[in-house]
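Below, chain A is the first sequence line, B the second, and so on; all start at residue 1. Reckoned from all heavy atoms, side chains included, excluding hydrogens, waters and symmetry mates.
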Amino acid sequence: MPIDIYWRIGTHGDQRSLRRRVASRGDWAPGEPGAITPGVRGGRGDGYSHLDHMADVARASELSGFVGGLLPSFPFTDDPWAAAASLARETTTYRFMIAYQPGFLHPVQAARMSASLQRVTGGRVVYNVISGGGGPPQLWWGDKVDHDDRYARTSEFLDVLKGVWDGGPFDYEGRFYRVEGAGLPGPLARQPFPEIYFSGSSPAAIRAAGRHADYYLSWLEPFEALAAKFAQVREHTEALGRAPRFAVRVDVLARETEEEAWDEIRRGWRHVDPARLRGPEATGDSVGWLRSSSFVGWPVTHYRELEAAPNVWGGFHLLRGGPAFGLVGSHAQVAARLDELIGIGVDAFILAGVPHLEEAYRVGERVLPLLRGHDLRDHSPISATRGTP
Amino acid sequence: MTEFIVTLPSRGDGARGDWGPPPASLPPFVTDLRYGVYGPFDHLAEAGRAAEIVGFDGALAPFDPGGEESVVVTSGLLRASRWLRGVAGLHPGVATPVYAAKVSASLQRFSGGRLDWRLSVDLDPAVARAQGDFVEGLDRYARADEFLTIAKGVWHEESYTYEGRFFHVLAGGFQEPLSSRPFPRVHLTGTSTEALDLSARHADVHVFDLGDDLDALTADLRGRAAVHRRAVAAGLTLPVLAREDGEEAAAEAARRAAAGAPPSGLVGSYEDVAEVIGDFAARGVTTFVLQAVPHIEETYRLGENLLPLLARTGPAGAPGTAETPGTAGAPDTAGTPDRSREHAHAD
């Protein structure tokens with residue numbers, strides 16, 4: 001199996017760098033001096049929108065060696081289905097990894113949207129199935145279903161989606177969904193089913209992942225913790241006779257030298273609100289978030305205290321929105337850490353860097369070519385099957 | 001302003017797309033480079049491009065459970081066009097209203113505010129159940145009402161709470177810039193009192209069918225809308241088969257009927273059809289949803305031969321006299337005849 005490496009496309013603008021947590025791209029910070037706000041030129045509408053910048057990021061990462069892009073979904077972002085459907089005809093090989101919560105679309109509708117999108121793109125749709133972090137954001141979406149039930153719903157949702165995929169007729173009666181004589185119409189029913197990247201760290205998530213995940217997707221954690229998590233997923237899914245692959249979402253800050261990389265962090269750190277150094281505050285019922293805040297001893301005073309392992313830094317959330325852990329180091333160090341991750345069983349990456357456009361080129365051109373990957377994975381089924389057709 | 005909307009195919013167009021029999025292949029000795037290069041959406045894209053090039057105001061991607069998915073179709077259409085409005089067919093059972101609004105907010109942002117919704121409320125029961133929709137009877141209108149209420153609520157208010165029978169949301173509501181564009185114009189249909197009441201509360205355009213008792217229904221709708229201090233524009237779905245003269249049109253209609261095609265609706269010369277449209281406009285219709293196949297050829301035909309007649313003579317009393325609800329006037333339309341461009345330019 002080859003290693004699939006994705007990039008992340010910002011669906012809510014971007015910062016100029018990690019040095020200042022100020023929105024500059026997109027219209028989330030209109031009027032900031034120097035901000036690039038697509039759609040406005042000299043104070044007047046110019047016909048462009050943030051989607052045009054997203055198209056740039058998609059093309060940049062396609063050109064620099066990534067197989068596709070993750071389109072995230074949060075209350076404050078643009079929508080991944082809308083973005084993927086809009087950009088579908090503007091890339092060639094690029095896969096669109098659409099993040100979505102199963103509760104918000106009916107599975108038959110999701111199947112039809114996916115199948116039409118597969119037809120537009122020639123089969124380039126990938127799912128990032130998320131089941132929600134709970135708390136006020138979940139209610140913001142109009143979703144009252146609680147944590148474990150959300151995973152049960154996700155599981156039913158995917159049962160129905162898969163049930164109608166080949167054309168049906170398909171009947172289903174579950175706790176959350178019911179259909180009768182359902183099935184995708186003719187030409188829509190002949191599409192490849194999108195690969196599923198499945199997120200969630202709780203036991204309920206791992207149960208649901210066992211049934212449905214092609215890739216079990218985790219945020220980056222210190223590697224031993226990640227390996228233990230994978231082992232837990234593997235143990236659960238082996239009992240079901242399935243073997244999911246593993247994917248990690250990793251922010252990278254890579255420079256020619258390690259000193260340069262840490263200097264970027266140092267410059268960003270100067271602007272972090274000291275109140276946030278006491279520790280992260282949880283907003284919902286996300287188990288992944290609780291895990292990731294447990295790997296370093298809060299409170300902290302210096303940014304290097306958040307380096308949980310060499311080059312594995314847990315402070316990215318202080319410099320931009322999103323998960324805490326990522327890699328900081330020279331191009332070679334970052335490549336070596338990614339190799340180590342391949343060594344513990346990672347089959348796919350979703351990488352990201354700020355700003356997404358320029359960093360896509362840097363990481364694609366300077367880091368990815370240094371990967372050795374399979375050479376380090378001695379006893380894995382991957383190296384065992386190398387050389388076979 | 002009178003606006004003209006074409007209807008896009010949801011299940012291909014004859015041998016175009018992959019819904020019908022495959023097109024005749026070229027003889028083997030003729031070089032053919034197409035294999036594997038083109039997909040079904042190339043035809044749809046061409047149909048959308050035709051609509052924009054010939055000067056239609058919008059294109060409707062119908063909600064068709066047995067066809068191509070309309071949000072995906074509309075997204076591509078909007079991305080590939082500059083002026084055209086995209087009318088996306090939707091159904092209240094396919095998504096939560098918050099999510100439908102969220103997807104639409106992005107499409108409005110991406111397109112400069114050119115998205116319309118056409119909400120299907122009552123489906124054939126068997127079709128509905130195959131979509132996972134077991135809501136029946138008048139409840140379907142109650143649900144559509146909640147759907148539109150919540151979708152508009154989260155769009156317009158930063159902290160919006162609604163507890164309904166079908167949907168709910170707690171302290172939802174879009175922040176800037178997601179809410180920076182207008183809510184999609186809402187098209188609704190139907191002749192029942194429930195349908196008219198729903199439109200009175202929510203529609204920007206109510207689209208009637210040829211054969212409906214138009215004068216009575218529009219008067220009824222006007223009265224119901226006035227209760228809510230709203231005005232709802234009247235629209236009309238109009239299948240057309242227009243040719244240079246009536247004889248040619250009739251011959252084509254007969255040929256199609258013999259081939260088993262559905263009835264062609266309004267059949268006649270360009271002048272005849274323009275006159276009928278003018279009459280409808282005089283009776284208050286401001287949105288015409290035209291249906292004509294084959295899509296690309298007929299779109300060009302109507303654009304080149306019918307629309308100019310409507311622009312030159314202008315349907316009696318219609319052009320420039322009424323503002324379509326939910327749209328903003330734009331200065332750059334001053335001096336152009338009839339054909340409204342007011343919502344079109346991506347700003």
Could you have a look at A85(A), P80(A), S86(A) and say which one has the most heavy-atom pairs with chain B under 4.5 angstrom? S86(A)
Do NZ/NE/NH1/NH2 and the carboxylate oxygens of R143(B) and D122(B) come within less than 4.0 Å? no
CG/D79(A) to OG/S106(B) distance, rounded to the nearest 0.5 angstrom? 5.5 Å
Interface moiety of Q101(A) toward chain B, non-hydrogen atoms closer than 4.5 Å: neither
Quick one: do the S179(B) and H156(B) side chains pair a donor with an acceptor below 3.5 Å? no
Is it the backbone or the side chain of T121(A) that comes under 4.5 Å from a heavy atom of chain B, or both, or neither? neither
If you measure from the Lys or Arg side-chain nitrogens to the Asp or Glu carboxylate oxygens, is any gap between E46(B) and R16(B) under 4.0 Å? no
Interchain contact, V108(A) with chain B, by part (heavy-atom threshold 4.5 Å): side chain
Using a cut-off of under 4.5 Å for heavy-atom pairs, which of V94(B), V98(B), D18(B), V169(B) has the most such pairs with chain A? V94(B)
Salt bridge check, R175(A) against D149(A): does any charged N sit closer than 4.0 Å to a carboxylate O? yes
What part of Y177(A) gets within 4.5 angstrom of chain B, counting heavy atoms only: side chain, backbone, both, or neither? neither
Residue D171(A) versus chain B: region with a heavy atom under 4.5 Å: neither
Do you know which of Q175(B), H91(B), H168(B), R11(B) has the most heavy-atom pairs under 4.5 Å to chain A? H168(B)
Quick check on A111(A) against chain B: is it the side chain, the backbone, both or neither that has a heavy atom closer than 4.5 Å? neither
Per-residue contact mode, R89(A) against chain B (heavy atom under 4.5 angstrom): side chain
Which atoms of L184(A) approach chain B - backbone, side chain, both or neither, heavy atom under 4.5 Å: neither
Examine the side chains of T96(B) and W141(A) and answer whether a donor and an acceptor come within less than 3.5 Å of each other. no
In sequence, state the C-alpha distance, the side-chain angles, and the governing distance for H50(A) and R109(B), and then conclude on side chain to side chain donor-acceptor pair (under 3.5 Å). CA-CA 8 Å; H50(A) 182 57; R109(B) 286 162 47 69; 5.6 Å; no
Most heavy-atom pairs under 4.5 Å with chain A, out of S70(B), A171(B), G76(B), A105(B), belong to A171(B)
Atom group of F110(B) that falls short of 4.5 Å from chain A, counting heavy atoms: both
